[in-house]
Amino acid sequence: EKWSRARDARPVMAALARHADEIQDRETQAILAQLSHLSDTDREAVRALGRAISKKLVHAPLRHLREAGAQGSPDVDALRRAFNLESEYS
């Protein structure tokens, strides 16, 4: 039963990870467009920085979602709403 409840959090976890990736990609592309003078190595460093920041920011919420799902906590729905994942989750 605990496994089944944890599974219920997976769509929200996937939507949050996707949402973070989309924001990171969009913002990285926007700044790289303004920094066209950077070398390919520097451009890749900017992309890597964006990915690292994104992963660090969502790590704790994803961990909490996994635990909350296993416990059947209403936090799963609260985090879905907090991160505005309505369309991604449905």
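Throughout, residue positions are numbered sequentially from 1 according to the sequence presented.
- For Ser39, the side chain to side chain donor-acceptor pair (under 3.5 Å) partners at least two apart in sequence or on another chain are Asp42.
- Atom CG of residue Asp75 and atom CZ of residue Arg81 lie 10.0 Å apart, to the nearest 0.5 angstrom.
- The stretch residues 51-61 participates, sequence neighbours left out, in these side chain to side chain donor-acceptor pair (under 3.5 Å) pairs: Glu44-Arg51, His59-Arg63.
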Side-chain donor-acceptor pairs under 3.5 Å in residues 24-33, sequence neighbours left out?
unit_1 : atom_1 : unit_2 : atom_2 : d
Gln24  : NE2    : Thr28  : OG1    : 3.1
Thr28  : OG1    : Gln24  : O      : 2.7

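- With sequence neighbours left out, the side chain to side chain donor-acceptor pair (under 3.5 Å) criterion links Asp21 to no other residue.
- Closest non-hydrogen pair, Pro61 versus Leu79, comes out as O-CD1, 4.3 Å.
- Contact record, Val12 with Leu85: O-CD1, 3.9 Å, taken as the closest heavy-atom pair.
- Side chains of Val46 and Arg43 form no contact here, defined as non-hydrogen atoms less than 4.5 Å apart.
- Taken from NE2 in His64 to OG in Ser73, the straight-line distance is 5.5 Å, to the nearest 0.5 Å.
- Leu57 and Leu49 fall within a single hydrophobic cluster, where Ile, Leu, Val, Met, Phe, Trp and Tyr are joined by side-chain heavy atoms under 4.5 Å apart, directly or via other members.
- One finds the CG atom of Leu65 at 6.5 Å from the CG atom of Leu16 (value rounded to the nearest 0.5 Å).
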